[in-house]
Amino acid sequence: MRFETLAEYFEKLEGTTERLRMYELLGQLFARADPEETAELAYLCEGRLLPAFAGVEIGMGERLVARAIAIAAGVEEREVIARYKRLGDLGSVAEELLKSRRQRGLTVTQAYAAMLEIARTSGPGSVEGKAQKLAALLGRTSPRAARYIVRFALGRMRLGIGAPTIIEAIARTSDDSKRARALIERAYNLCSDLGLVLRTMREQGIEALSRFHVRVGNPVRMMLAERLPSAEEIIARLGRCAVEAKLDGLRCQVHLNDERVEIFSRNLERMTGMFPDIAEAIKAQVAARQAIIEGEAVAINEATGEFYPFQVTVKRKRKHGIEEMAREFPLALVVFDLLYVDGRDYTELAYQARREALEGIIKKAGRIRPVERIITASADELQRFFDAQVERGMEGIIAKRLDSPYLAGARNFNWIKLKRAYRGQLEDTVDVVIVGYLRGRGARARFGIGALLTAVYDRERDSFCTIAKVGSGLSDEGWTRLREMLDRYAVEEKPARVESRLVPDVWVEPRYVITVLADEITRSPVHTCAQDESGTGLALRFPRVVGFIREDKAPEDATTVEEIREMYATQKRQKLSS
DNA sequence: CACGCAACTGG
DNA sequence: CTCGAGT
DNA sequence: ACTCGAGACAGTTGCGTG
């Protein structure tokens, strides 16, 4: 298939929001492709080169892609950036700048190979090499194809389709689409490789998919939890259920195969090399030849038995200096699920059975330990368990339906989380002053505003220090209205009373106050709120707007740096009181 | 070695 | 995380 | 009510560059 044909389909897909139409288009697309192209096509539609666990990435961001477009179009990089700020999509910028091009001979396979080649470019000079190669590729395509190649390089196809949509589309081309969907979905959830599934189906027929099984070494798509705001609602939904502590660490799926161990992240990236201590503990403590176990890796203070906060744990996600880190911050793996043991698929068993089997194969005393849990039908008891966990510094709890199997790839109410932040929402709302805004990308660029740079008031210096960028919580209408209001106070230069290391696309005179909800306050290298000599300030974690502009508040009525300091201190105390 | 950028995590 | 669109 | 996709955030490490 020519790449141009694929680009035409992408354009049609982009042009509709109707799911049913998308299924039609995708069905046609795959039907027209050569069987050998199926896997490539699937990955391209997903906006990636290979499944996550293959570890192959293009390795280009906005800046580098902008450079490639500049080279291909023979214009200054500044010109590309300026157009990007207006359009919010580098793909459209490339299309615009390459308008006169007529080339269209490239095939899908050639384009795919070229992008794989870019991904494999590494070592000295590779940055320039990637830009040159992408520029060369853009030179061989039509303007329309360039749009999608650019978006692909950035990993944002913006077509409104993902794996589930592709699966549904392919299933619909089958006579028994319900059954086809179940088979495809199951195969995908077990192997996490959409290209492999669709190619197998195309080459060997749909029945071949029933031969897919959980295989040690192949990551299984993880089951995720939904969220509810209270213990009552959880009990109303689940009745008698298991309630597990939720730790603030990194979710791991561990595969043991004799003496070999593989560890995968939540998004199925291979993380084996980062956690040698967990790999060793697995070998020592798991009484099975083969097993797939899930748990949360958390850095632990061995002297006190306390868990460290997320920011300490995440330091273990590294390539170098792992041994030293492992000595300083050893990890515990708090396990909560069992998917496979010695030739037997456990995913179809109920929660209770899996949990018992899990406890059965973990030898006591070591870094691998089953998560703490209770079983209850009482909202009160659930609440008390939650409070106790939060008291101990845990993130909250996760309630699980007792008879639920492990539904790979699903996010539903069989697992429900109740999180710390929901306990004291009001405790952590902050009134911030808007000091600037960013233009936003993609759909947000339509409004010309995608995020706010916000600050709190420093009484001592009578200035505004940045504390967060906020890009969540407003409706489309809210963004539009806000932009109109802010543009009346837009200024060319950073206002004198604003202290900021970040530079927004548009500076705004400090005037409007807006209420923001956040999960917690963290130390920040970029924000100037409560900044010390070393340049470390304070920032809001997971900020989102609640409500709209506080007309009743002047900028000096915003939350003060002093108040933020206090909130940070309180938070610290709460964490320590375990 | 400092810096900018990219890719990943978390929610 | 939040929002919006479709079913 | 549910599913899906897009677009935001802060913070971390690692790479390539100059």
Side-chain angles (χ1 to χ4, degrees), chain A residues 16-23 47 52 55 57-65 67 88 121-130 154-168 224-227 246 248-251 265-267 269 271 274 296-297 309-322 325 395-396 410-413 417 419-422 438 440-445 447 449-454 467-479 502 516-527 537-546:
Chain A
T16 183
T17 50
E18 285 173 62
R19 316 301 307 177
L20 299 171
R21 175 77 181 132
M22 290 180 185
Y23 299 145
E57 308 290 340
I58 300 257
M60 294 182 83
E62 285 173 2
R63 204 46 202 283
L64 203 45
V65 171
R67 199 145 106 206
T121 305
S122 69
S126 65
V127 170
E128 188 54 29
K130 282 176 194 245
L154 292 167
R156 294 173 192 275
M157 294 301 281
R158 310 191 38 236
L159 302 174
I161 61 173
T165 306
I166 300 168
I167 288 171
E168 178 67 28
L224 303 171
E226 274 290 353
R227 192 193 47 174
K246 187 178 193 308
D248 201 0
L250 299 172
R251 183 153 174 196
S265 76
R266 194 185 102 122
N267 295 334
E269 301 285 332
M271 303 195 295
M274 300 171 187
E296 193 88 359
F310 178 74
Q311 269 144 326
V312 174
T313 302
V314 86
K315 284 188 202 295
R316 283 295 300 278
K317 262 202 68 215
R318 52 166 60 228
K319 203 167 192 171
H320 304 294
I322 289 166
M325 253 336 187
E395 214 192 342
R411 183 199 289 278
N412 56 37
F413 286 93
K417 62 190 164 192
K419 291 205 348 171
R420 193 169 54 196
Y422 280 81
L438 290 100
R441 293 184 265 254
R444 285 281 175 86
F447 317 126
I449 180 168
L452 306 170
L453 181 61
T454 67
I467 188 167
K469 282 199 282 176
V470 193
S472 198
L474 281 168
S475 63
D476 290 2
E477 196 214 330
W479 284 113
L502 298 168
V516 163
L517 177 66
D519 276 17
E520 60 181 343
I521 296 166
T522 57
R523 304 188 69 199
S524 163
V526 296
H527 288 291
L538 294 176
L540 302 178
R541 191 186 188 198
F542 307 140
R544 56 257 190 210
V545 173
V546 287

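Proteins come first, then strands; the chains are lettered A, B, ... in the order of their sequence lines, and each starts at number 1.
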Item to check | Distance in angstrom units between A:Arg266 CZ and B:dG11 C1', rounded | outcome: 8 Å
Next on the checklist: Once rounded to the nearest 0.5 Å, what's the spacing between atom CD1 of A:Ile161 and atom CD1 of A:Ile166?
Outcome noted: 5.0 Å
Checklist entry - Can you tell me how far C1' of B:dA7 sits from NZ of A:Lys319, to the nearest Å? => result 11 Å
Next on the checklist: Can you list everything that forms a salt bridge (charged side-chain N to carboxylate O under 4.0 Å, His left out) with A:Glu57? Sequence neighbours excluded, please.
Outcome noted: none
Checklist entry - Quick one: which of C:dG6, C:dT2, C:dG4 gets closest to the side chain of A:Arg19? => result C:dG6
Item to check | Interatomic distance where CE belongs to A:Met22 and C1' belongs to C:dG4 [whole Å] | outcome: 12 Å
Next on the checklist: Side chain of A:Ser472, heavy atoms from C-beta onward: which of C:dT2, B:dG11, B:dC8 has the nearest atom to it?
Outcome noted: C:dT2
Checklist entry - First and last nucleotide of DNA chain D touching chain A, 5' to 3', heavy-atom cut-off 4.0 Å? => result D:dC2 to D:dT17
Item to check | Residue list, salt bridge (charged side-chain N to carboxylate O under 4.0 Å, His left out) with A:Arg444, at least two apart or on another chain | outcome: none
Checklist outcome for this item: Per nearest nucleotide of DNA chain D, the residue lying toward the 5' end, A:Leu452 or A:Arg318, is A:Leu452
Next on the checklist: Please report the distance, rounded to the nearest Å, between CG in A:Leu540 and P in B:dG11.
Outcome noted: 18 Å
Checklist entry - A:Asp476 or A:Lys417: which one's nearest nucleotide on DNA chain C is closer to the 5' end? => result A:Lys417
Checklist entry - Taking NZ, NE, NH1 and NH2 as the nitrogens, is one of them in A:Arg67 or A:Glu128 under 4.0 Å from a carboxylate oxygen of the other? => result yes
Checklist entry - When you match A:Ser122 and A:Phe542 each to their closest nucleotide on DNA chain D, which lands nearer the 5' end? => result A:Phe542
Item to check | Partner set under side-chain contact (heavy atoms from CB on, under 4.5 Å) for A:Glu62, not counting sequence neighbours | outcome: A:Tyr84, A:Leu90, A:Leu154, A:Arg441
Next on the checklist: With a 4.0 Å limit, can you tell me whether A:Lys317 has a side-chain N or O closer than that to the phosphate oxygens OP1/OP2 of B:dG10?
Outcome noted: no
Next on the checklist: Can you list everything that forms a side-chain contact (heavy atoms from CB on, under 4.5 Å) with A:Val526? Sequence neighbours excluded, please.
Outcome noted: A:Leu502, A:Ser524
Checklist entry - For the atom pair CD (A:Glu18) and OG1 (A:Thr16), what is the distance rounded to the nearest 0.5 Å? => result 4.5 Å
Item to check | Distance, rounded to the nearest Å, where A:Trp479 contributes CH2 and C:dT2 contributes P | outcome: 14 Å
Item to check | Interatomic distance, A:Arg541 CZ vs B:dG10 P [rounded to whole Å] | outcome: 10 Å
Item to check | Euclidean distance, atom CD of residue A:Glu168 to atom P of C:dG6 [Å, nearest integer] | outcome: 17 Å
Checklist entry - Contact class for A:Gly123 (heavy atom, under 4.0 Å): base, sugar-phosphate, or nothing? => result sugar-phosphate
Checklist entry - B:dA7 P sits how many Å from A:Arg156 CZ, rounded? => result 11 Å
Next on the checklist: According to side-chain contact (heavy atoms from CB on, under 4.5 Å), who are the partners of A:Phe542, at least two apart in sequence or on a separate chain?
Outcome noted: A:Asp519, A:Arg544
Checklist entry - So, is A:Asn267 close to the B:dT9 phosphate, meaning a side-chain N or O under 4.0 Å from OP1 or OP2? => result yes
Checklist entry - Under 4.0 angstrom, heavy atoms only, what part of the nucleic acid is A:Lys130 near: base, sugar-phosphate, or nothing? => result nothing
Checklist entry - Does A:Arg411 or A:Leu20 map to a spot on DNA chain C nearer the 5' end, using the closest nucleotide for each? => result A:Arg411
